[in-house]
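Everything below concerns the one structure shown next.
Computed over heavy atoms, backbone and side chain alike; hydrogens, waters and symmetry mates excluded. Sequence lines set the chain letters: A, B, ... in the order given, protein chains first and strands last, and positions in each chain run from 1.
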Number of protein chains: 2
Amino acid sequence: MSQIESILKNSTLSVTTGRKRILEIFLSSNNALAHQDIESQCADEYDRVTIYRTLQTFLEKGIIHNIPSTDNITRYALCNEACIVSGHHHDNHVHFKCDSCGKTVCLDEVTIPKVQLPKGYTMKEINMVVNGVCKTCR
Amino acid sequence: MSQIESILKNSTLSVTTGRKRILEIFLSSNNALAHQDIESQCADEYDRVTIYRTLQTFLEKGIIHNIPSTDNITRYALCNEACIVSGHHHDNHVHFKCDSCGKTVCLDEVTIPKVQLPKGYTMKEINMVVNGVCKTCR
DNA sequence: ATGATTTTGCAACAAAGTTGCATTCCCTGT
DNA sequence: ACAGGGAATGCAACTTTGTTGCAAAATCAT
Ligand SMILES: [Mn+2]
Ligand SMILES: [Mn+2]
Ligand SMILES: [Zn+2]
Ligand SMILES: [Zn+2]
C-alpha cells in the first residue's frame, strides 16, 4: 500500500482517485497551497467543487492544516503527524510568507512561543505568521 | 476639528463624508470589523466599491491594520498610533478570535514574543492570532 | 458480484472582489 | 465667496470565489 493510500486509510477515508491526486500535489510541493493552486494543477481532471470538498475533508481529518494570512487567501499544508485532538488542530510551528516570491512555508523547526493571555481568555489554537523575505529570495 | 477629521488630515487624506462615516464605525466598535460588517452598517449610504476603496486607503495610510484569520475573512481594526514605517505596519500585539461569539479583538496589552527565524530569513511583519473563548463568553 | 453508502460532476446560485468611466465632491488659490 | 483642477464616489459590468441540491458514478463491505 502506498504512502498516499495509507494516509487516507488511517483517516478512515475511502480511497478515490481525486483524493489521491490532491494528496500527491501536496506531497510534491514544498510550500503551502491555496485552493487556486490546486485547481490550476488538476482542473481538467477534477471539478472545482470536488476540490473544495476534498480540502474540507482533509482539514477535518487532520491531514492538512490551514494557514492564516492577511491577503484573504487561506493556504493549506500537510500536517506532520496526526494533529487533531478533540476537534481542533494543535500545530505549533511558525509560518512564513515571503513578500518577494509569495510562497508560504511551514517552519517546522520554529516553535510558537508561549504567550500569556489576559484573565478570562481561554486558548484553543494559536497561529503565528511572519512576513518578510525568504532565504531563496534574499 | 473633530478627532475623526484630524485622523484623516494627519494622513493627508481629504475629508469626505464616506471616510468619516467608516472611521466612526470603527471608533464605535470594540472589535475588529470585516468588510461585510461595515457594509451592513452603511450600505444604504455608501456603495460597496467605496467601502472597498476606503479600507484599502486606510490600510495604506496606517489608519487601520488587518488581522489574519483561518476563515478567509480579513478583519480590520484601528491602529493605535501611526504605525506605518517604510511601507509596512509594525503592530506588535496579539489578536484573539472567540470561537463562541466570533468576535476578534486586539489584545493591545499582550505583546508578540520574539521568535528566532532560521538563517537566511528576514522578518518584516509578525502576526499572532489566538483562537479560544473570550472573557465574556466563558 | 451485489447492494448500501459515499463521492463526484454538473448546474444553478450567491457572495466577494475588481475595473472603467462619468459624475460629484473636496480643496486650493484667487 | 467662487472657480477650476484633482480626487473620490457611484454605477454598471464583470470576474473570481464559494455553496447547495441532486443525479450519476465510484467505492467498499458483505
Ligand atoms: Mn504549517
Ligand atoms: Mn490589532
Ligand atoms: Zn521568497
Ligand atoms: Zn466571545
Side-chain angles (χ1 to χ4, degrees), chain A residues 1-2 4-26 32-61 63-64 66-76 102 104, chain B residues 1-2 4-26 32-61 63-64 66-76 102 104:
Chain A
M1 183 159 59
S2 72
I4 288 177
E5 287 194 10
S6 47
I7 292 173
L8 294 172
K9 291 264 174 69
N10 287 342
S11 300
T12 61
L13 289 175
S14 48
V15 178
T16 68
T17 54
R19 285 172 178 170
K20 285 196 287 183
R21 180 78 180 91
I22 291 176
L23 260 185
E24 183 190 305
I25 291 173
F26 274 110
L33 300 171
H35 170 94
Q36 177 56 51
D37 299 324
I38 295 163
E39 196 180 322
S40 62
Q41 282 192 58
C42 64
D44 47 336
E45 308 166 68
Y46 301 101
D47 195 76
R48 249 161 36 82
V49 178
T50 300
I51 299 172
Y52 279 113
R53 294 196 270 223
T54 302
L55 290 174
Q56 189 56 41
T57 302
F58 285 2
L59 256 189
E60 286 162 3
K61 291 294 187 175
I63 296 174
I64 58 176
N66 56 8
I67 302 165
S69 85
T70 50
D71 63 6
N72 252 346
I73 300 173
T74 300
R75 293 175 182 81
Y76 305 87
T104 298
Chain B
M1 183 161 58
S2 73
I4 287 176
E5 287 194 8
S6 46
I7 291 173
L8 294 172
K9 291 263 174 70
N10 287 343
S11 301
T12 62
L13 290 176
S14 47
V15 178
T16 68
T17 54
R19 285 171 178 169
K20 284 196 288 185
R21 181 76 180 94
I22 290 177
L23 261 184
E24 184 189 304
I25 291 172
F26 274 109
L33 300 170
H35 169 93
Q36 178 55 54
D37 298 324
I38 295 163
E39 197 181 319
S40 63
Q41 284 193 58
C42 65
D44 48 335
E45 308 165 70
Y46 302 101
D47 194 79
R48 250 161 34 86
V49 178
T50 300
I51 299 171
Y52 279 114
R53 293 196 270 226
T54 302
L55 290 174
Q56 188 56 41
T57 303
F58 285 2
L59 255 190
E60 286 162 4
K61 292 293 189 177
I63 296 173
I64 59 178
N66 54 9
I67 301 165
S69 85
T70 51
D71 64 4
N72 250 347
I73 300 172
T74 300
R75 293 176 181 80
Y76 305 87
T104 298

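At a non-hydrogen distance threshold of 4.0 Å, A/Glu45, A/Tyr46, A/Asp47, A/Val49, A/Thr50 from residues 35-52 of chain A come into contact with DNA chain C.
At whole-Å resolution of the value, CG in A/Leu55 and C1' in C/dT8 are 15 Å apart. The interatomic distance linking A/Asn66 (CG) with D/dT17 (C1') rounds to 16 Å, in whole Å. Here D/dT9 presents its C1' atom at 16 Å from CD of B/Gln56, a figure rounded to the nearest Å. In this entry the distance linking CZ of A/Arg19 with C1' of C/dT8 reads 10 Å, nearest Å. Between the C1' atom of C/dG9 and the CZ atom of A/Arg21 lies a distance of 18 Å, rounded to the nearest Å. One interatomic measurement links the two molecules: CD1 of B/Ile73 to C1' of C/dG17, which rounds to 14 Å at whole-angstrom precision. In this structure, the CG atom of A/Asp71 is 12 Å from the P atom of C/dG17, given to the nearest Å.
Between B/Ser69 and B/Thr104 the shortest side-chain heavy-atom distance does not fall below 4.5 Å. Inter-residue side-chain proximity for A/Phe58 and A/Leu8 is flagged as met; some heavy-atom pair is nearer than 4.5 Å. Taking 4.5 Å as the limit, every side-chain heavy atom of B/Tyr52 sits out of range of all side-chain heavy atoms of B/Gln56. With a 4.5 Å cut-off on side-chain heavy atoms, A/Tyr46 and A/Ile22 do not count as touching. In this structure, the side chains of B/Leu33 and B/Ile64 stay at 4.5 Å or more apart for every pair of heavy atoms.
Annotation for B/Tyr76 and B/Phe26: closest pair O-CE2, 3.3 Å, computed over non-hydrogen atoms. When all heavy atoms of A/His35 and A/Arg48 are compared, the closest pair comes out as CE1-O, 3.8 Å.
Residue B/Arg53 places no side-chain atom within donor-acceptor reach of the base of C/dG17, judged by atom type and a 3.5 Å distance cut-off alone.
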Problem - side chain to side chain contact (heavy atoms under 4.5 Å, CB included) between A/Arg19 and A/Ile4, intermediate numbers included - result: CA-CA 9 Å; A/Arg19 285 172 178 170; A/Ile4 288 177; over 6 Å; no
Handout entry: A/Thr54 vs A/Thr16, side chain to side chain contact (heavy atoms under 4.5 Å, CB included): CA-CA, chis, key distance, verdict
Key = CA-CA 10 Å; A/Thr54 302; A/Thr16 68; over 6 Å; no
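For B/Asn72 and D/dG18, the shortest distance from a side-chain N or O to OP1 or OP2 is below 4.0 Å. Contact annotation: B/Thr16 reaches the phosphate of D/dT9 (side-chain N/O to OP1 or OP2, under 4.0 Å).
Recorded end-axis angle for the helix from C/dA1-D/dT30 to C/dT30-D/dA1 stands at 40°, based on five pairs per end and rounded to 10 degrees.
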